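Lettering follows sequence order; numbering is per chain, from 1. Computed from a predicted structure; not experimentally measured.
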Protein chains: 2
Amino acid sequence: MAVIDRKKLILEAAAKSFSLYGYKATTMDQVAKLANVGKGTIYTFFKTKEELFEEIINSLIADIRFEVESVLDESASILENVNSVLVRVHAFRESHQLTIKLIQEERDMGTQTVVEAMQRVEQSIIQYMKAIIQKAIDKGEIKSCDPEVTAFVMLKMYFSLVIDWQRNHPPLTKEEIAKLFELYLLKGLLA
Amino acid sequence: MAVIDRKKLILEAAAKSFSLYGYKATTMDQVAKLANVGKGTIYTFFKTKEELFEEIINSLIADIRFEVESVLDESASILENVNSVLVRVHAFRESHQLTIKLIQEERDMGTQTVVEAMQRVEQSIIQYMKAIIQKAIDKGEIKSCDPEVTAFVMLKMYFSLVIDWQRNHPPLTKEEIAKLFELYLLKGLLA
DNA sequence: AAACTGACTAAAATACTAATTTGGTCATTT
DNA sequence: AAATGACCAAATTAGTATTTTAGTCAGTTT
């Protein structure tokens, strides 16, 4: 159709600007100009800047879900699946411009809106993992446990190993992390 | 002896002030006044404010070491010991005025000196745990593993469960945390 | 008339400056 | 010889002027 989809233009422009400059440094004038749209038009689709941002975050979450689902393998073991998911999520965080910028903004400036958004992203990742874990419990692959706490612990442990560990030590390889994951969480430390 | 131990007075005054106001908000004039000492005197014992602070942190680390050692039990299992240590460290963090203030300052203001100091505290806790874990490996209680990574993972998991989990959920009881610790780290998830 | 626009405004952020505070020194006192 | 506190340069803070920005709405375009 000849009619331009202005909402889409705005979302694309906003995504680009948030990726490039982060949340705070993105202005509505900038988005309007980037989208070749009057500023008022933005407000016919989104009540506030925050709402626009939230829609972008929803897309981000959807993108992550897609990535995660594309890597899940019904016939694989829980260890393999959990590992694939975590590695994929991590790769996503490191390659996706928007997440890079937002993690940076969260760390450096602590922008409230961004902190909340990233928490929402984390929560949604935990929700997928929860489902995966529930299936593994049902299949009898792992012991009965609270799937949400388990997902939470897995994610935290993973990011501890790939992010926090590097602060004082040489980084662990992908294989080392997988091994550690298996040892600590799956098999257990007891001799 | 009739001679006043000025260094001790200064350390006590500084500890009090850091506990009450944090690192940034503590001034050398304040410490001098609190210690009933001329400001110049402080500088005969400590080169800079940072050095004074570091000595206070050294005492803090020594205090924690004392707490931890008083709770260790050679004849107890690794699970019991690790749990005791972590619970003790946590109780310390929550009851000790200085740590409360510094954790707050670290979170709210990100004062560089404080961030580094708290990292040093964490590192030293990990060092004790490392020793405990090494002993358990030697005794054949747990599998062979890198004691430092293991200590690191344990500490991170513990604080995830007691601190991060509460952000979005009702807090876990001490018993629940001990159970989770046992399940995830010691016994492992595999059915 | 329905969709769109951008000049406009109040509020917030920033840049700038003046005034104060603070870490550290050192000539003087004890 | 040990201790002190007035002093100073540097940093921080408070106060203010200026600019920027989110959001509105009267007017324009289609």
Side-chain angles (χ1 to χ4, degrees), chain A residues 1-18 20-57 101 105-106 108-117, chain B residues 1-57 101-102 105-106 108-117:
Chain A
M1 46 177 144
V3 186
I4 308 157
D5 185 346
R6 286 179 159 74
K7 184 171 181 180
K8 199 176 160 193
L9 283 178
I10 292 166
L11 282 169
E12 279 164 2
K16 189 169 191 174
S17 185
F18 287 136
L20 240 41
Y21 311 110
Y23 176 77
K24 259 202 80 179
T26 289
T27 70
M28 296 302 261
D29 277 303
Q30 205 171 39
V31 173
K33 196 156 288 173
L34 251 174
N36 267 102
V37 136
K39 188 159 60 151
T41 308
I42 300 179
Y43 287 90
T44 65
F45 296 111
F46 308 96
K47 261 215 299 292
T48 62
K49 181 184 178 183
E50 208 164 323
E51 195 177 296
L52 170 59
F53 182 60
E54 247 131 57
E55 285 237 18
I56 302 283
I57 294 295
K101 201 75 205 172
E105 186 170 346
E106 188 185 17
D108 299 347
M109 331 181 57
T111 317
Q112 192 52 36
T113 308
V114 174
V115 172
E116 278 161 20
Chain B
M1 45 178 142
V3 186
I4 308 157
D5 185 345
R6 286 183 160 72
K7 184 170 181 182
K8 198 177 161 194
L9 283 179
I10 292 166
L11 281 170
E12 280 165 2
K16 188 169 192 174
S17 185
F18 287 137
S19 297
L20 241 40
Y21 312 110
Y23 176 77
K24 260 201 78 178
T26 288
T27 71
M28 295 303 259
D29 277 304
Q30 205 171 40
V31 173
K33 196 156 289 171
L34 250 173
N36 268 102
V37 138
K39 187 158 61 151
T41 308
I42 300 179
Y43 287 89
T44 65
F45 296 111
F46 308 96
K47 262 215 298 289
T48 63
K49 180 184 179 184
E50 208 163 324
E51 196 177 296
L52 171 58
F53 182 60
E54 246 131 58
E55 285 237 19
I56 301 284
I57 294 295
K101 201 73 205 174
L102 293 180
E105 187 170 346
E106 188 184 19
D108 299 346
M109 331 180 59
T111 316
Q112 193 52 35
T113 308
V114 174
V115 171
E116 279 160 20

Atom [atom1] of [X] to atom [atom2] of [N]: distance rounded to whole Å?
{"X": "Met109(B)", "N": "dT12(D)", "atom1": "CE", "atom2": "P", "value": "11 Å"}
{"X": "Phe53(B)", "N": "dT22(C)", "atom1": "CZ", "atom2": "P", "value": "17 Å"}
{"X": "Phe45(B)", "N": "dG24(C)", "atom1": "CZ", "atom2": "C1'", "value": "16 Å"}
{"X": "Leu52(B)", "N": "dG24(C)", "atom1": "CG", "atom2": "C1'", "value": "13 Å"}
{"X": "Gln30(B)", "N": "dG5(D)", "atom1": "CD", "atom2": "P", "value": "17 Å"}
{"X": "Tyr23(B)", "N": "dT12(D)", "atom1": "OH", "atom2": "C1'", "value": "14 Å"}
{"X": "Lys24(B)", "N": "dG23(C)", "atom1": "NZ", "atom2": "P", "value": "11 Å"}
{"X": "Ile42(B)", "N": "dA6(D)", "atom1": "CD1", "atom2": "P", "value": "15 Å"}

For this session: Using only side-chain N and O atoms of Arg6(A), determine if any of them is under 4.0 Å from OP1 or OP2 of dC4(C).
Result: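 Checking Arg6(A) against dC4(C): at least one side-chain N or O falls below 4.0 Å of OP1 or OP2.
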
Problem set entry | Matching residue for Ile10(A) among Val37(A), Asn36(A), Asp5(A) - test: side chain to side chain contact (heavy atoms under 4.5 Å, CB included) |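 Going through Val37(A), Asn36(A), Asp5(A) one by one, the side chain to side chain contact (heavy atoms under 4.5 Å, CB included) with Ile10(A) is satisfied by Val37(A) alone.
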
For this session: Please name all residues satisfying side-chain contact (heavy atoms from CB on, under 4.5 Å) with Ile57(A), sequence neighbours left out, ordered by chain then number.
Result: Phe53(A), Leu60(A), Ile61(A), Leu102(A), Ala117(A), Arg120(A), Val121(A)

Problem set entry | pair Lys49(A)-Thr113(A): side-chain heavy atoms closer than 4.5 Å | no

Exercise. Would you say Phe46(B) and Leu11(B) make side-chain contact, with heavy atoms under 4.5 Å?
Worked result: yes

Exercise. Which of these nucleotides, dT22(C), dA13(C), dT4(D), is closest to any side-chain atom of Val37(B)?
Worked result: dT4(D)

Problem set entry | The single option from Glu106(B), Glu105(B), Lys24(B) passing side-chain hydrogen bond (donor to acceptor under 3.5 Å, both in side chains) against Thr111(B) |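 The option that passes is Glu105(B).
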
Exercise. How would nucleotides 23-30 of chain D be written as a contact map, 5' to 3', with B for base contact, S for sugar-phosphate-only contact and - for no contact, using protein heavy atoms under 4.0 Å?
Worked result: BBB-----

Problem set entry | NZ or CZ of Lys8(B) within 45° of Phe45(B) ring axis and under 6.0 Å |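 The answer is no; the distance or angle limit is not met.
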
